[in-house]
Structures are given as structure tokens and as C-alpha cells.
Amino acid sequence: MLILGLNMFHADASAAIVQDGEVLFAVAEERLNRAKHYGGFPAAAVRACLDFAGAKITDVDHVAVGQDTDANLAKKVQYALSNPAKILNFIRLRQRKQAMRDVRSLLSQALEVDAGQLRFQEHHLEHHLAHIASAYYCSPWENAAGFSYDGSGDFVSTMMARCQGSEIEILDRVYLPHSLGSFYTMICEFIGYKKYGDEGKVMGLAPYGKDTHCDQIDEVIKVKNGKFQLDLRYFKPLGSNQGMQVLPDGTVRLARHFSDHMVRLFGEPREVHAEITQRDMDLAYAMQVRFEEVFFHLLNELHQRVPVPDLAMAGGCALNSVANGKLFHRTPFQQTWIQPAAGDEGLAIGAALHTCHSVLQQPRRYVMNNAYLGPEFSETRIEGALRQAHLKFRKLGREPLLEAVAGQIAAGNVVGWFQGRMEWGPRALGNRSIVAHPGLPNMKDVLNARIKHREWFRPFAPSIMAEYQHEYFEYDHPSPYMLHVYKIRPEKRAQLCAVNHVDDTGRLQSVSHEENPLYYDLIKAFHRRTGIPVVLNTSFNENEPIVCTPEEAIDCFTRTRMDVLAIGPHLVLKSES
Ligand SMILES: [Fe+2]
């Protein structure tokens, strides 16, 4: 049985294909059409899914969409009626969304197939239920608490659930305009980070701040009876799309979230390219502190209702790896399974798996053991691309390649590492990564000057051999998808100085041999040379979506000052090219 999952006409459009309960392939459209956070119809992603499965759209039995325009309709209508100025906008938005529901015509147009030949059944699933499904049905658990939170989706910002066997029972929702994601976005915008997806950057700024504005920021969001409420004086009215708009070309645009009340309290907002002041850092600090307090309040309430040790979690806010790292001592939960594509691209997998298990009652047999669900390219294609670019390369066996690359990293060189299937989700996890020495004091500046051009306050991440995590970090709970930030043990901080953030933490990727044997063995080869079981890992890109194809990797290698490219079995040295 073939099920195609979709996230469409929403930020991070994506597609995933599930065969007999197993996720075969999943990809976000941005990686294929190169438009960051693309929010249109994921035509290229659908084609890639079908190609991988060796199927045609006419073979697909079910199509599942992680959006249901009829969900929470009474709440939406009630909201529109209480804001007369928004009624027309609400009607227009609804008409547009209804048109988008015609999945049959959209797929027949995109794939140039007569709609009459399509035999699939269509399913629409509420946004946050799809988020929770994307975590729970990929976890190994039969019994867990489910939690999803983000800016908004189908008029909801937060959902709590009980997950048991094949079922996910919704226990509670927080409706718009109250949204922890919008709280975070509002302050990010105020301090000059206005683009969709900028929140992750500001998380790195927070530890530079001090406790000067915490009391004031506490007023913006209040907790009550296991839920929370925004004080709307701090926000501009955001409408039923909560200030997020997808333009006809698929670009995602954020409306201004903060109100003049914020300006009266804190002064003028920071302009995008202006210097970051202590006030901005202090606001980032207060925002992260309050976010965590509300998050833990919600999780403690959820644990009261579902008293189990395991938490399955997704939603854009679940990418807050700093909060995730503190979860084990601030709540009773002992284990987390967080969907690597916790943002909205993950809806495609959630919708497909929910249809499989809850709607069609197919047994669960799949566990997502790694995030390498994207496209892969043959040696022939890679070799062709290298020749096309007139690069001098050597083809090496597995061990010589690992030794050569480990030697280059140990010597302080920056390596583009392009191997196997592309990662699913926003993090590079050792298949589309730039790797470097984690213990050289100038490595962060070198990477920023030569390739990444990132803000000075953003840390780089460590990939660590899983069995050494305990020696280096204060928590043992694995972080396979770089979704937990832990303190680095004091005696190891010098060894990891290029990945040790200002608050002595690291957003680690724990790498096991089973998940990624080649990447694990690369770190092991580096460990043999240096005594450090860690490499610095940052995404293979330069201000663009992470590279997907060999051509994109080669292009990034040649236009930046990367020293080495290891692409499949081929090694390219910049000094020889
Ligand atoms: Fe979402």
C-alpha cells in the first residue's frame, strides 16, 4: 500500500512516501527548487518520492495532507466575528484554502496525468495532530505523551495528546491568538530578526544577555491551569493566519508582530543591520527564559494527565534545543523522541503515518532510526559533475578516504563532506556537512570568514561518537538529530573550544555506528589521530538551502574558501585544483 504525505501551501512544503507502513523517502521542496522555506505546492518533492519508490502517481492508494481547513472551524468563525475588520480577510483566506484542497487537480497538473486516472483516496489531518503523529509513529514506543507547539496551524498553537498503540487521543489544544511560537517570533522581530525561521539564530544570542527584562517579559505571556495566554497589548492583531503569509510565488512572509506598546516599554526596535546592543541581548535572554518556563509548565501539566516517562514531540518550537536539553531536570519525562523535521516539513510524514495506522488500522512496524531519507546520487553522476567543473580528484577506497579526510581535519583544514542520502529536517547530520577541528580556537572565525558568514554569536555544533557523550556532556540522553543542548564538562571545554558556546554548552549530535557507519568511522579516525572523539559539524551551504546534488556541493566548494571536498569516494584538494 502506497501513501503519499504532503505539506503544501504552507511554509516548508514537503512530500513523503510510505509503503506498507515504512517511510521510504521524504524531502522538503526547498532542497529541490532552492527557495528557502518554500511554501507553494511541492511538485518536485512529489516527483522525487515517486521516483524513489519506482511508482507512478496512478499507483498511489492514499494521499494525506497535514492540514485540515475544517478543523476548529467554530473557533475560527468566533474569532472572525469578534474582529469585524478581519471578516473579509477571513472569507478570502478560506476561499483560497478551499481551492487548495483540490489535491486531485493539483497532482494531475503537476505530474501531467489525467485526473480521471488517479485512484487514491484523499485525507486531511489537523496540523498539530500531524506533528504529533510525525514523532509518535516514528518512535519505538507503544505508550507515550504527545506534544506539539509552534506559531500556528489550523488555528491552534499547542496540542497535548495521549499516544497508545495505533491511536493518538487529543487531550487539549491552545487556540490562537495565544501562541508560544508567536511570543518568540514577536521578540525576535523586535530585536531585528524578521525573517521566517530566524528564531533559531536568536536562541544563540540569549546567553549573552542578563536578567534585566525578565520581569517585564513575564507579563507578555501568563500561565494558567496548564495552559497560557498572551497579553495582546504587546502584539499587533495577527489575523487567523497568525501573521504568516505565503505569497503566490511560495515565499513565506511574516507580518510585524510587535505593537507600539513594546516600543513604549523598550524603545525603538533594532533595525536589521544595526549593532546588537545589551538591550537586545537582554531581551533575547528574557525571551528564552520565559519560553522555557511556559514550556515546562505545559509539559508538567501533560505529565499529570499522561504519567509515562516517554515524550513524543514535534512542531517548530520543538527545534528549541536549549529548552529540550533542560527538559530532563525540569519535568518528570525521562526520554524524548523528537521528529528531526520538527518544523512543518515534518507534517508530510505525520499525515502519511497517521493515515496508515489510525485511519487504515495498519499495524506499526516502522521506527525511524536515522534521518537519511532524502536523495542519493550515483558515483557516475558525482564523477561527471567533478569533470564538468574541471576539478582534479582522486578516487579512494573507504579506509584511505577516511584516513585522508581525518588527516585534513586534524591539520586544521575545512572539509566539505558529501555522502549518501541527504538528511530529512533542517540539520546536516554528516551526509551534507562541512566538518572541521573542534579544538582550534580560531576555527569559528575561519569558518565564518571563509564560508558561513554567520552572526558572531551563533555557535557551531559538535558531532560526538555516542559512547563518549557521557565523558564530554552532562547528560547521557542521546541527541541523534542535534535537538538537545547540554553543558560541556569543564575538563573538556578546551578540547572543544570551537564548539563550546559562551554558556559552556554544545548542541550536540550523538553519532552511533548503526545510524551512520561512514560518518561514525570518520570521527573515529579523527579520534585516533587527536584523542578527540568529536568533529565540528555545520551544514554544507552558504546562505542557501543545504546542498542536495553533487553539482550544488561542487559549486559551494569552488566559490567558497573550503580546503577539501570529499564527495562520495572522491577527494578534491583546493590546493591542487
Ligand atoms: Fe507547525
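For ligands, and for the atoms within them, numbers begin at 1 and follow the listed sequence. This chain uses plain numbering: 1 for the first residue, then up along the sequence.
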For the residue pair [X] and [Y], would you count it as a cation-pi contact if the rule is NZ or CZ under 6.0 angstrom from the ring centre and within 45 degrees of the ring axis?
X      : Y      : answer
Arg47  : Phe52  : no
Arg330 : Phe295 : no
Arg507 : Tyr486 : no

Fill in: Among the N, O or S atoms of His131, the one nearest the Fe ion (ligand 1)
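Closest to the Fe ion (ligand 1) among those atoms: NE2.
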Worksheet item: Which is the closest N/O/S atom of Asp150 when seen from the Fe ion (ligand 1)?
Response: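 Result: OD2.
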Worksheet item: Pick from Leu360, Val359, Leu353: which one makes a side-chain contact (heavy atoms from CB on, under 4.5 Å) with His357?
Response: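 Going through the options one by one, the only one that passes is Leu353.
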Item to complete: Can you tell me, to 10 degrees, how wide the angle at the Fe ion (ligand 1) is between NE2 on His127 and OD1 on Asp344?
Response: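 With the Fe ion (ligand 1) as the vertex, the angle is close to 100°.
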